[in-house]
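To keep things clear, I will list the structure first and then write my remarks on it.
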Amino acid sequence: MRKLIAGMKTSVDAKVEGPEGVADWVEAWSDDYDLMPQVDACMLGAGMYPGYEQYWTPIQKEPDKPHPLTGQLPTPAEIEWGRFAAETPHYVLSTTLNSAAWPNTSFVRGLEEVVALKRRPGKDIYLIGGARTTAGLIDAGLVDELRLIMYPLIAAEGKALFATTERRRGLESRKVEQLPDGRVRLIYGIS
Ligand SMILES: NC(=O)c1ccc[n+]([C@@H]2O[C@H](COP(=O)([O-])OP(=O)(O)OC[C@H]3O[C@@H](n4cnc5c(N)ncnc54)[C@H](OP(=O)(O)O)[C@@H]3O)[C@@H](O)[C@H]2O)c1
């Protein structure tokens with residue numbers, strides 16, 4: 001069975017976004033979890049999908065221009081992710097969304113379809129977020145690995161990654177790495 005691997009960038013108090021709805025402490029939304037070589041599909045929740053599409057489309061179409069949302073030039077790693085995302089199937093978990101601008105996006109309607117996707121042959125699947133989807137799929141026992149990049153910040157207000165978690169769960173610590181700027185990358189196995 002393919003593994004479902006969640007990657008999230010959090011503050012030390014496990015917030016995934018601040019009160020304005022963005023994690024303004026995150027400098028770039030590239031794949032800093034080293035997942036690209038091992039995945040050939042992406043999964044994400046309906047809450048974050050519209051913003052995700054809105055963020056990555058300009059990077060794919062005009063990578064050499066400042067991003068219309070941030071005013072910043074995309075980093076080389078973001079341009080690399082934009083290219084990867086353009087050619088990689090995306091699966092959006094939703095009971096309400098029916099259309100997406102990206103041609104490689106389709107919809108997954110519930111946990112049984114997530115299991116079916118994991119059973120299909122292929123490389124692993126990257127669970128991009130958001131918080132409720134990640135917490136729900138961990139509760140359902142469908143996430144095999146959790147990769148966190150923790151920023152040196154107590155964010156206080158904002159959305160917590162595990163706010164909706166219902167089940168206590170032990171994790172297997174697989175790797176701890178120090179990254180630049182005080183960030184720490186943590187890899188946990190979930191069984
Ligand atoms: N810091 C980070 O690394 C990071 C990464 C990604 C996202 N984010 C943040 O996360 C925020 C979005 O997270 P969120 O918690 O609000 O929303 P979300 O997890 O993206 O989406 C929740 C929605 O996904 C659908 N869903 C989830 N589980 C489902 C299931 N088992 N079956 C069917 N549908 C299911 C439902 O959509 P329907 O209502 O359509 O059924 C649900 O309302 C974004 O604003 C972004 O800022 C942060």
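Please read these numbers as outputs of a predicted model, since none were measured by experiment. All ligand and atom numbering here is 1-based and tracks the order in the structure. All residue numbers in this chain count up from 1 along the given sequence.
Looking at D34 and R185, a side-chain N of the basic residue comes within less than 4.0 Å of a carboxylate O on the acidic one, giving a salt bridge. The pair K9-D32 meets the salt-bridge criterion, with a side-chain N (NZ, NE, NH1 or NH2) lying under 4.0 Å from an Asp/Glu carboxylate O. A salt bridge between R2 and D144 is absent, with no side-chain N of the basic residue lying under 4.0 Å from a carboxylate O of the acidic one. Remark: R183 engages E27 in a salt bridge, criterion side-chain N to carboxylate O under 4.0 Å.
The shortest contact between atom 39 (O) of ligand 1 and any protein heavy atom is with T96 OG1, 3.9 Å. Ranking the protein heavy atoms by distance from atom 26 (N) of ligand 1 puts L93 O, 3.7 Å first. For atom 15 (O) of ligand 1, the closest non-hydrogen atom on the protein side is R132 N, 2.8 Å. If you check which protein heavy atom lies closest to atom 4 (C) of ligand 1, you get M8 CE, 3.7 Å.
In terms of polar-atom proximity, G47 is counted as a contact of ligand 1, with an N or O under 3.5 Å from an N or O of the ligand. Residue A46 has at least one nitrogen or oxygen atom sitting less than 3.5 Å from a nitrogen or oxygen atom of ligand 1, judged on distance alone. Note: no N/O pair closer than 3.5 Å links T134 and ligand 1 by distance alone. In terms of polar-atom proximity, defined here as any N/O pair under 3.5 Å, V22 makes no such contact with ligand 1. Checked against a 3.5 angstrom limit, the closest N/O atoms of G7 and ligand 1 fall outside it. For a threshold of 3.5 Å applied to N or O pairs, the pair formed by T95 and ligand 1 contains at least one separation below that value. Between G129 and ligand 1, a contact under 3.5 Å exists for no N or O pair. Where the criterion is an N or O separation shorter than 3.5 Å, residue side chain and backbone included, K159 meets it with respect to ligand 1.
In the vicinity of V16, heavy-atom distances shorter than 4.0 Å reach the ligand 1 atoms 1 (N), 48 (C). If you number the atoms of ligand 1 from 1 as listed, the ones under 4.0 Å from a heavy atom of G21 come out as 47 (O). Using a 4.0 Å cut-off to heavy atoms of G110, the atoms of ligand 1 that qualify are 32 (N). The distance from ligand 1 to the heavy atoms of E17 drops below 4.0 Å at these ligand atoms: 9 (C), 10 (O), 11 (C), 44 (C), 45 (O), 46 (C), 47 (O). For ligand 1 and R109, the ligand atoms under 4.0 Å from any heavy atom of the residue are 32 (N), 33 (C).
When heavy-atom distances to ligand 1 are checked against a 4.0 Å cut-off, I128 comes that close only through its backbone atoms N, CA, C and O.
R174 pairs by the salt bridge (charged side-chain N to carboxylate O under 4.0 Å, His left out) definition with E145, E172, not counting sequence neighbours. For D139, the salt bridge (charged side-chain N to carboxylate O under 4.0 Å, His left out) test picks out no residue, with sequence neighbours left out.
No side-chain donor from either of T70 and Y55 sits under 3.5 Å from a side-chain acceptor of the other.
Tested against D124, the residues V39, L35, D40 include a single side chain to side chain contact (heavy atoms under 4.5 Å, CB included) partner, V39.
Taking the centre of each ring, Y52 and H90 come in below the 6.0 Å mark.
The closest side-chain heavy-atom distance from Y151 to T10 is not below 4.5 Å.
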